[in-house]
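Since the structure comes first, as structure tokens, the remarks are kept for the end.
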Number of protein chains: 2
Amino acid sequence: MSTYSRKTKLKADCPMERALNVMTGKWKLALLCELNRRNARLVDFEKKNPEASKRTLAQQLGELVKDGIVQKKDFQVYPKKVEYSLTSLGKELIPVIQKMGEFGEKL
Amino acid sequence: MSTYSRKTKLKADCPMERALNVMTGKWKLALLCELNRRNARLVDFEKKNPEASKRTLAQQLGELVKDGIVQKKDFQVYPKKVEYSLTSLGKELIPVIQKMGEFGEKL
DNA sequence: CAGGATCCAGTGCGATACTG
DNA sequence: CAGTATCGCACTGGATCCTG
């Protein structure tokens, strides 16, 4: 059984595909659900998702940031402390994935 | 520039991820949108999406069938004629992707 | 015309190790 | 701690060919 999750980059020339691209990634829904509950740090995600590699979590968070869904707050301390949270755009994504969840119940 | 669209298979242990898996694939949204408009045959999809290979279109249709989103009607003639259409479950998916589309407008 | 079977390039992501 | 670099493997999906 495979755990390969992402399929392929969509054509991205239509809004639905752009939206789908933003959410598609093995840990992105998990990250978004957690961020919907509370702001969190990379370590927090590592603890919550021990199956995921730190590299992937950091990368997928980075993509969410780049897409404007998530924002970082760098506390500029040592040892480093960086907190992630949903942007206002990111908050608008929550009802969308909830609707997906309702549909997913039927699968 | 790449057009790789699908990311990786999600963990599929939660409804949202199951739903996302069903939609994720380079041509699936295109297939679903077309099927929402009219029933269609493989050739029709080939004409509508000349960028896609027949192999991929057939394969992604097959996945949608396996997931219960799309159904086939085989006319048992020669040359072959097979028509694809949305199942009732598939029709329930339409409003979900429309909601995604609304969100995608903001990206 | 539907749809396999092959072959192959590009990508997702896990493991691991390293830095400031 | 956060973040990056490297390596390696599994998967997506394009091209092409073949059959009934």
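A, B, ... follow the sequence lines: proteins, then strands. Residue 1 opens every chain.
Residue A/Trp27 places at least one side-chain N or O closer than 4.0 Å to OP1 or OP2 of C/dG14. Between B/Lys72 and C/dA2 there is no side-chain N or O to OP1 or OP2 distance below 4.0 Å. Taking only side-chain nitrogens and oxygens, B/Tyr84 comes nearer than 4.0 Å to OP1 or OP2 of C/dG3. Listed pair A/Ser53 / C/dA15 fails the phosphate criterion, with no side-chain N or O lying under 4.0 Å from OP1 or OP2.
Comparing D/dG3, D/dC1, C/dG3 by their closest approach to the side chain of B/Val82 singles out C/dG3. Among the nucleotides D/dC1, D/dG20, C/dA2, the one closest to the side chain of B/Leu42 is C/dA2. For B/Thr56, counting side-chain heavy atoms from C-beta on, the closest listed nucleotide (D/dT4, C/dA2, D/dG14) is D/dG14.
Contact annotation: the side chain of A/Val43 never approaches that of A/Phe45 to less than 4.5 Å [non-hydrogen atoms, C-beta and beyond]. With a 4.5 Å cut-off on side-chain heavy atoms, A/Met16 and B/Phe103 do not count as touching.
The nearest heavy atom of DNA chain D to A/Glu46 and to B/Ala52 marks one nucleotide each, and the one closer to the 5' end goes with A/Glu46.
The CG atom of A/Leu31 sits 13 Å away from the P atom of D/dA2 (whole-angstrom rounding). A straight line from NZ of A/Lys73 to C1' of D/dA2 spans 17 Å, rounded to a whole angstrom. Put simply, OH on A/Tyr78 is 12 Å from P on D/dA2, counting in whole angstrom units. In this structure, A/Lys80 places its NZ atom 8 Å from C1' of D/dC1, rounding to the nearest Å. C/dA15 atom C1' lies 14 Å from atom CD of A/Glu51, rounded to whole Å. Atom NZ in A/Lys26 sits about 12 Å away from atom P in D/dT12, given to the nearest Å. Atom CD of A/Gln59 and atom C1' of D/dT6 are 14 Å apart (whole Å). Rounded to an integer number of Å, the gap from B/Gln60 CD to C/dG3 C1' is 15 Å.
Here A/Phe75 lies out of heavy-atom contact (under 4.0 Å) with every strand. Backbone-only contact: A/Arg41 has heavy atoms under 4.0 Å from sugar-phosphate atoms and none from a base.
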Check against side chain to side chain contact (heavy atoms under 4.5 Å, CB included), A/Arg38 and A/Asp44: CA-CA 11 Å; A/Arg38 53 152 179 155; A/Asp44 299 324; 3.9 Å; yes

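Summarising the local packing, NZ of A/Lys106 is surrounded by more than 12 heavy atoms from other residues, nucleotides or ligands at distances under 6.0 Å.
Between the base of D/dG3 and the side chain of A/Lys54 there is a donor-acceptor pair shorter than 3.5 Å. A donor-acceptor contact under 3.5 Å is not formed by the side chain of B/Arg55 with the base of D/dT12.
The distance from the CG atom of B/Leu29 to the CD atom of B/Gln60 is 10.0 Å, given to the nearest 0.5 Å.
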